[in-house]
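See below for the structure under consideration.
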Amino acid sequence: MTAGLLPHLPEAFCDANVLYPSLLRDLLIRLDIEGLCRLRWSDGVNEEWIHALVRDRGLLRAPLDQTRRLCCLNWRHDRLKAGVA
């Protein structure tokens with residue numbers, strides 16, 4: 001299926017528990033890129049999942065911050081505001 005075929009894209013606000021697991025985060029972002037859904041999340045949610053991965057798994061923060069930056073570059077800023085509007 002190619003981007004833009006759905007007349008009304010399903011929208012979802014992703015909480016930190018959805019973005020925390022890398023496989024789920026990757027899948028959802030790929031679905032958004034393909035135009036099959038529209039994801040939203042807030043700066044606070046970004047901070048929450050990054051903090052949790054550093055705390056729970058001892059991951060380095062810098063690569064996670066890079067992931068956040070790449071996500072923010074690929075979506076307009078209004079898509080990163082809290083709530084689904």
Side-chain angles (χ1 to χ4, degrees):
M1 191 167 211
T2 59
L5 288 182
L6 297 176
H8 300 288
L9 293 179
E11 295 184 9
F13 181 83
C14 297
D15 200 359
N17 62 329
V18 173
L19 298 174
Y20 179 96
S22 61
L23 290 176
L24 182 56
R25 181 174 63 246
D26 183 61
L27 171 66
L28 291 171
I29 288 172
R30 288 175 188 273
L31 290 173
D32 186 283
I33 289 169
E34 290 297 320
L36 299 174
C37 66
R38 185 170 178 177
L39 302 179
R40 297 174 185 262
W41 58 84
S42 67
D43 291 335
V45 165
N46 271 335
E47 183 55 38
E48 187 178 345
W49 70 262
I50 290 171
H51 175 76
L53 283 170
V54 170
R55 180 194 65 219
D56 297 347
R57 298 192 183 167
L59 298 178
L60 296 175
R61 181 161 183 112
L64 299 172
D65 284 335
Q66 178 65 13
T67 298
R68 174 180 47 197
R69 279 190 293 279
L70 290 172
C71 287
C72 291
L73 286 174
N74 288 304
W75 285 276
R76 295 186 325 262
H77 182 70
D78 67 330
R79 301 204 42 206
L80 300 176
K81 293 189 191 258
V84 176

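By convention here, the first residue in the shown sequence is residue 1. Computation of the quantities below employed the complete heavy-atom set of this structure, encompassing side-chain atoms and omitting hydrogens, waters and symmetry-equivalent molecules.
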Of the non-hydrogen atoms in D15 and E48, which two are nearest, and what is the gap between them?
OD1-OE1, 4.1 Å

Please name the pair of heavy atoms, one in A62 and one in R69, separated by the smallest distance, quoted to 0.1 Å.
O-NH2, 4.3 Å

One should read off an interatomic distance between L60 CG and D65 CG, to the nearest 0.5 angstrom, of 10.5 Å

When rounded to the nearest 0.5 Å, the distance separating CH2 of W49 from CG of D56 is 13.0 Å

For atom CZ of R55, decide whether the heavy atoms of other residues, nucleotides or ligands shown that lie under 6.0 angstrom number more than 12.
yes

Spacing of CG belonging to L24 relative to CD1 belonging to I29, to within rounding of 0.5 Å
9.5 Å

If you define the side chain from C-beta out and look only at heavy atoms, does anything of L36 sit under 4.5 Å from L9?
no

Could you state the interatomic distance from CG (D43) to CZ (R68), rounded to the nearest 0.5 Å?
7.5 Å

How far apart are the closest heavy atoms of V45 and C14, and which atoms are they?
CG1-O, 3.3 Å

Taking every heavy atom of L39 against every heavy atom of C37, the minimum-distance pair comes out as CD2-SG, 3.9 Å

Pairing residues for R25 by the salt bridge (charged side-chain N to carboxylate O under 4.0 Å, His left out) criterion, not counting sequence neighbours
none

CZ of R57 to OG of S22, rounded to nearest 0.5 Å, is 7.0 Å

Nearest heavy-atom approach of I50 to R61 is CG2-NH1, 3.4 Å

So, taking the atom named CG in D32 and the one named CG in L27, what distance separates them when rounded to the nearest 0.5 Å?
11.5 Å

Heavy atoms of F13 and W41 approach each other most closely as CE1-CA, 3.6 Å

Checking D26 against R30 for the salt bridge (Lys or Arg N to Asp or Glu O under 4.0 Å) test, could you report, in this order, the C-alpha distance in whole Å, the side-chain angles of both residues, the deciding distance, and whether it holds?
CA-CA 6 Å; D26 183 61; R30 288 175 188 273; 2.8 Å; yes

